[in-house]
2 protein chains.
Amino acid sequence: MVLCDAPRPRNANATRQAILEAARERFCSDSYDDVGMRDVARDVGVDAALISRYFGSKEDLFVAVLDSCKNGRDLMDGPREDFGERLAREIVYGEVMPCQDDGAGAKMRGLLILLRSVGSAKAMDVMQRTSNNRFFDPLAAWIGGPDAPVRARLAAGLIMGMAIGRELSDGYSSLGETQKAELARRMAVALQGLIDN
Amino acid sequence: MVLCDAPRPRNANATRQAILEAARERFCSDSYDDVGMRDVARDVGVDAALISRYFGSKEDLFVAVLDSCKNGRDLMDGPREDFGERLAREIVYGEVMPCQDDGAGAKMRGLLILLRSVGSAKAMDVMQRTSNNRFFDPLAAWIGGPDAPVRARLAAGLIMGMAIGRELSDGYSSLGETQKAELARRMAVALQGLIDN
DNA sequence: AGCGCCAGTCAACGTTCGGTGACTTAATGA
DNA sequence: TCATTAAGTCACCGAACGTTGACTGGCGCT
């Protein structure tokens, strides 16, 4: 999305930041393979060569984007007894997708980016590292207790799977409003059970 | 995997079938974008042009592969009260990945292929159609009852998410044997709860 | 044996990709 | 005002992709 046709003021830091944000937006809505350097460059209104210059390689850009996202830890702030409901609401209703700069879904952004690029061989290394450091491990630490790693995997699995199912089902568009509410309710219960139990 | 260096006997049907199987294997272990026509062709020991000739386009080949897989309905054969445990075992332990021609994971193959290519923009259309026709809908029908679609989404979500988590965690290699068992047990319980409840 | 058909090959096309190095242009300090 | 530095552009590379059309060679039929 080109925001302005006027020539960008020559400010390396600002441009670098703009590239990072454009890339973040792209990686939020397309997989690693489907995001092209030229796409990101066009969004910023800059030549693609500049991205290589600032960030090195595409993979480095991807890492920088992931680092720029809020830590997965933020998923868990809020009362523990609401965890399931908060997450379920965030996934079933629209706050996940849009990926605005500071929207309600900001805390989901890192996870969303990871989900988008699941299956991309080129991004696998980065993904595995990041998903552990930023998502599984914090979640397990937050859950606590002896079986925390196991329960974290389960909770994360349900969250990821539902987010993907949402993609596959085009935002659960085939479900009516009451069914959607029921889906959110049931997901909240299941999720809460996974971390409480 | 080239099985034989001797020139393939001139049999269009057999060759077509061989291409289909090689493609199925490829799509099982790599995403749509990461599977190249030349890769498949090399596996069969045939020129890539032949695939275009037989199947039309890459997307058509992908559709043909999905059609050649067992219907998702097969996931559900077996006693209903074992559903959770069967699926959990299949996902936590190794039967999903290998994707041999007639292995125990054969019934998971269609789902696995779908999961691999989640996120690929080029495969999205096919994926959405297939995942509904072959996976969500049969599962909902099997579950039955008023909230079947909702519960099917949840069960499918957990299954998909755990399968993906398995990818991200390199086969849950960081978990010990007892933790793995605990993971399978908890997943079985959660899954069973989603369809029974 | 000769012929025609068809499975399969080959070389090439046009595109797109990520990345590089040389260039131009704008801002800055003396 | 002018030279220097850094920001940004431009043309291009080599590789990979899916796909095409012309070609080749072996098989079966008469």
Side-chain angles (χ1 to χ4, degrees), chain A residues 2-23 26-27 30-65 116-117 119-126, chain B residues 2-23 26-27 30-65 116-117 119-126:
Chain A
V2 180
L3 296 176
C4 186
D5 288 354
R8 161 177 303 280
R10 291 190 156 221
N11 181 335
N13 277 347
T15 302
R16 205 191 135 92
Q17 205 59 29
I19 291 172
L20 202 62
E21 279 169 24
R26 282 278 176 181
F27 283 125
D30 297 306
S31 82
Y32 183 85
D33 292 323
D34 289 329
V35 172
M37 307 285 267
R38 290 169 171 86
D39 299 327
V40 177
R42 200 177 317 117
D43 292 345
V44 183
V46 116
D47 193 274
L50 202 62
I51 305 182
S52 290
R53 214 221 241 325
Y54 281 166
F55 291 91
S57 66
K58 180 181 179 181
E59 184 173 325
D60 292 335
L61 175 64
F62 189 58
V63 171
V65 164
R116 286 279 182 212
S117 292
S120 164
K122 286 168 208 136
M124 255 294 243
D125 298 344
V126 180
Chain B
V2 180
L3 296 176
C4 186
D5 288 354
R8 161 175 304 280
R10 298 195 146 218
N11 181 335
N13 277 348
T15 301
R16 204 190 136 93
Q17 205 59 29
I19 291 172
L20 202 61
E21 279 169 24
R26 283 278 176 182
F27 283 125
D30 297 305
S31 83
Y32 183 85
D33 292 321
D34 289 330
V35 172
M37 306 288 266
R38 289 170 171 84
D39 299 326
V40 177
R42 200 176 319 115
D43 292 346
V44 184
V46 117
D47 193 274
L50 202 62
I51 305 182
S52 289
R53 172 106 106 208
Y54 282 166
F55 291 91
S57 66
K58 181 181 178 180
E59 183 172 326
D60 293 334
L61 174 64
F62 189 58
V63 172
V65 163
R116 287 280 183 211
S117 292
S120 163
K122 286 167 209 137
M124 256 294 243
D125 299 344
V126 180

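These values consider heavy atoms only, across backbone and side chains, with no hydrogens, waters or symmetry-generated copies. Note that the structure is a prediction, hence the values are computed from the model and not measured. Sequence lines set the chain letters: A, B, ... in the order given, protein chains first and strands last, and positions in each chain run from 1.
- Contact detail for A:Thr15 and A:Pro9: the closest heavy-atom pair is OG1-O, 4.4 Å.
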Using the side chain to side chain contact (heavy atoms under 4.5 Å, CB included) rule, take B:Phe55 and B:Leu20 through it: C-alpha gap first, then chi angles, then the decisive distance, then the call.
CA-CA 9 Å; B:Phe55 291 91; B:Leu20 202 61; 3.6 Å; yes
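- Here D:dG18 presents its C1' atom at 16 Å from CZ of B:Arg26, a figure rounded to the nearest Å.
- The CG-P distance, from B:Asn13 to C:dA7, rounds to 9 Å in whole Å.
- Distances shorter than 4.0 Å separate none of the side-chain N or O atoms of A:Thr15 from OP1 or OP2 on D:dA7.
- One interatomic measurement links the two molecules: CZ of A:Arg16 to P of D:dA7, which rounds to 12 Å at whole-angstrom precision.
- To the nearest angstrom, C1' of C:dG18 lies 16 Å from CG of B:Asp33.
- Among all heavy-atom pairs drawn from A:Asp43 and A:Ala22, the shortest one is CB-CB, 4.0 Å.
- With rounding to whole Å, B:Met37 atom CE is found 16 Å from C:dC13 atom C1'.
- Contacts between residues 46-61 of chain B and DNA chain D, defined by a heavy-atom separation below 4.0 Å, involve B:Ala49, B:Ser52, B:Ser57, B:Lys58, listed by number.
- Across all strands shown, A:Val40 has no heavy atoms under 4.0 Å from either base or sugar-phosphate atoms.
- Across all non-hydrogen atoms, the minimal contact from B:Val44 to B:Ile19 is CG2-CA, 3.7 Å.
- Each of A:Glu59, A:Arg26, A:Arg116 was scored for a side chain to side chain contact (heavy atoms under 4.5 Å, CB included) with A:Tyr32, with one residue passing: A:Glu59.
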Using side chain to side chain contact (heavy atoms under 4.5 Å, CB included), reason through A:Asp33 and B:Asp34 one step at a time and then give a plain yes or no.
CA-CA 9 Å; A:Asp33 292 323; B:Asp34 289 330; 3.9 Å; yes
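- In this structure, the CZ atom of A:Arg38 is 10 Å from the P atom of C:dT16, given to the nearest Å.
- The CZ-C1' distance, from B:Arg10 to D:dC27, rounds to 7 Å in whole Å.
- For the pair A:Lys122 NZ and C:dC17 P, the interatomic distance rounds to 11 Å; values are reported in whole Å.
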